[in-house]
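Note that these values count all heavy atoms, side chains included, but never hydrogens, waters or copies made by symmetry. Every chain is numbered from 1 and lettered A, B, ... according to where its sequence line falls, protein lines coming before strand lines.
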Protein chains: 2
Amino acid sequence: MNNRTPAARGERSRGRRLAGDSRGDILGAARALFASRGYRGTTTRAVAERAGVDVALIHHFFGTKMRLFAESLELARIAGRLSEQLAAPSGDVAEGVARLYLETLFTEHRDTFAGLLRTVLGSPDDVPELRRIMGEQIVGVASRSLGGPDAALRAELVAAQMIGILVLRHLVGVEPIATTSNEALVRYLVPALRTYLEHGEEA
Amino acid sequence: MNNRTPAARGERSRGRRLAGDSRGDILGAARALFASRGYRGTTTRAVAERAGVDVALIHHFFGTKMRLFAESLELARIAGRLSEQLAAPSGDVAEGVARLYLETLFTEHRDTFAGLLRTVLGSPDDVPELRRIMGEQIVGVASRSLGGPDAALRAELVAAQMIGILVLRHLVGVEPIATTSNEALVRYLVPALRTYLEHGEEA
DNA sequence: GCGGTTATTCATCAACTGATGAAATAGTGC
DNA sequence: GCACTATTTCATCAGTTGATGAATAACCGC
């Protein structure tokens, strides 16, 4: 009764398994956990368990926890999406920026941003270069579509407004902003963002 | 040559020391480390070393790391200061709120807020009640001085703007906002905050 | 159907972490 | 100057964490 292979007997055993995307499963589990617990709060064992895989497999594919984190961010994909959105000429700049953050960055790529923020804020010493990434990727988004005096500062005020919303709405979960629709938020945001974005055109 | 006391010989030894405020030193070290590394990123050993004290002394005074964290926040002192500031009738509400955050919360109590934010974002499971504290203390500050429709939401948009500034300016350290003066920030902030604060009085 | 490559698990390590109990020392009341 | 108490260090523990090396199993070219 022991002549069949371990896999055929349904046991959990060593060796190659059939047709599973373990590497992808690990990346997905890592993304979710880094997003909800940050870098330090996420253990490789938790990632492995969520992915239904042994811990050692993580190191087999990614080497270190840090490289797993870096790969789970997919910043390249995000950067591409952003420049794409910014290239298209929009009617109202303030509304365009607000929707860019709310409807793209904070939904489709929410895990990436949450993980990045939680990690940068939670363990600054481990990842010194993440500050630079954050400055360029997140803040740079608004900066590029802006002119006039103090352009960088005004862009950062816009980014600060949106990052604060990300924190309160998605990371901390404070009511009522956590359950307010994007439409309602845009309505309130546009006049405020406009004071930053149009400041340079007065004089 | 061994007849004097260990302390008299300048050695590091057990037993009570003269006239030092070890408890206060521990609290100060904890506040600084929690602010710069968050709850999880701060080890009791690091606190002890910074305070020039053995690890066991921390547990002698505070029991657990969590209670040390809670005590290091001094939220009571902050809450008192806030209601005090809010009670005084100010001319321009928007400017008053901006200055309240920039000149009081983000300077005098920066370590407390940084530690709170870093901890809430970095290790959400460890401190479930901190979300509530944050909602009440930080966001509530602006909320109380507000009326009209969507008062809570508008207050949170103000808080979001200021929290985003705290993150970019003090926690991540992005330029140029990190080295911009409070005066310059207030100049840009007032018109934007006004759109939130005065929204309720139109209709 | 054989040999090499890749995927997967198991067993284990060394470092670190929060925490505890006991011992030693100095100040305090009397 | 003696008992008492508060402060301080030392030695140590048990649990967790990231990481490694060897063993095993399935797939691929041929």
Side-chain angles (χ1 to χ4, degrees), chain A residues 2-27 29-30 33-34 37-70 72 119 122-123 125-127, chain B residues 2-27 29-30 33-34 37-70 122-123 125-127:
Chain A
N2 221 359
N3 46 356
R4 289 179 302 164
T5 68
R9 292 198 306 275
E11 296 174 1
R12 189 180 225 211
S13 70
R14 299 187 190 179
R16 193 164 187 159
R17 272 192 313 211
L18 320 85
D21 182 17
S22 293
R23 202 191 133 97
D25 293 345
I26 292 172
L27 272 178
L33 286 174
F34 284 136
R37 300 161 121 87
Y39 184 79
R40 253 196 161 106
T42 300
T43 68
T44 54
R45 281 169 172 80
V47 173
E49 187 181 6
R50 182 169 182 140
V53 138
D54 188 273
V55 204
L57 196 56
I58 292 178
H59 293 95
H60 170 67
F61 281 127
F62 302 97
T64 71
K65 180 187 177 186
M66 189 62 219
R67 255 191 286 162
L68 169 65
F69 175 71
S72 78
T119 299
S123 43
D125 292 340
D126 285 341
V127 275
Chain B
N2 222 358
N3 47 355
R4 289 177 301 165
T5 68
R9 291 199 307 274
E11 294 174 1
R12 190 177 222 212
S13 71
R14 300 186 188 180
R16 194 164 186 159
R17 274 193 310 210
L18 320 85
D21 181 18
S22 293
R23 202 192 133 97
D25 292 345
I26 291 172
L27 272 179
L33 287 175
F34 284 137
R37 304 162 119 85
Y39 184 78
R40 253 194 161 108
T42 300
T43 69
T44 54
R45 281 168 171 82
V47 174
E49 187 181 6
R50 182 170 182 137
V53 138
D54 188 274
V55 203
L57 196 56
I58 292 179
H59 293 96
H60 170 66
F61 281 126
F62 302 97
T64 70
K65 181 188 177 185
M66 190 60 217
R67 255 191 288 161
L68 169 65
F69 176 70
S123 42
D125 293 339
D126 285 341
V127 276

query: Just how far, in rounded Å, is C1' of dT9(D) from CG of Asp25(B)?
result: 16 Å
- request: Take the protein atom CD1 of Ile26(B) and the nucleotide atom P of dG18(C), then report the distance between them rounded to whole Å.
  value: 14 Å
field: Leu27(B) vs Phe62(B), side chain to side chain contact (heavy atoms under 4.5 Å, CB included): CA-CA, chis, key distance, verdict
entry: CA-CA 10 Å; Leu27(B) 272 179; Phe62(B) 302 97; 3.8 Å; yes
query: Between Arg67(B) (CZ) and dA19(C) (C1'), how many Å, whole number?
result: 12 Å
- request: May I have the step-by-step check of side chain to side chain contact (heavy atoms under 4.5 Å, CB included) for Arg50(B) and Val47(B), ending in yes or no?
  value: CA-CA 5 Å; Arg50(B) 182 170 182 137; Val47(B) 174; 5.9 Å; no
Can you tabulate the close N/O pairs, meaning under 3.5 Å, that link protein atoms to atoms of nucleotides 15-19 of chain D?
from    : atom 1 : to       : atom 2 : distance (Å)
dG18(D) : OP1    : Thr42(A) : O      : 3.4
dG18(D) : OP1    : Lys65(A) : NZ     : 2.8
dG18(D) : OP2    : Thr44(A) : N      : 2.9
dG18(D) : OP2    : Thr44(A) : OG1    : 3.0
dG18(D) : N7     : Arg45(A) : NH1    : 2.7
dG18(D) : O6     : Arg45(A) : NH2    : 3.1
dA19(D) : OP2    : His59(A) : NE2    : 3.0
dA19(D) : OP2    : Lys65(A) : N      : 2.9

- line: Taken to the nearest 0.5 Å, the spacing of Lys65(B) NZ from Ile58(B) CD1 works out to 10.0 Å
query: Which class fits the ring pair Phe69(A) and Tyr39(A): parallel under 30°, tilted 30 to 60°, perpendicular over 60°?
result: perpendicular
- request: Report the distance from atom CG of Asp54(B) to atom P of dA22(C), rounded to the nearest whole Å.
  value: 17 Å
Listed partners of Ala56(B) passing side chain to side chain contact (heavy atoms under 4.5 Å, CB included), at least two apart: Asp54(B)
- request: Please state how far atom CG in Leu57(B) lies from atom P in dT25(C), giving the value in whole angstrom units.
  value: 17 Å
field: Whole-Å distance separating the NE2 atom of His60(A) from the P atom of dT24(D)
entry: 18 Å
- request: Report the distance from atom CZ of Phe62(B) to atom C1' of dG18(C), rounded to the nearest whole Å.
  value: 16 Å
- request: List in chain and number order the residues that pass side chain to side chain contact (heavy atoms under 4.5 Å, CB included) with Ala51(B), two or more places apart in sequence or in another chain; answer none if no residue qualifies.
  value: Asp25(B), Ile26(B), Ala29(B), Val53(B)
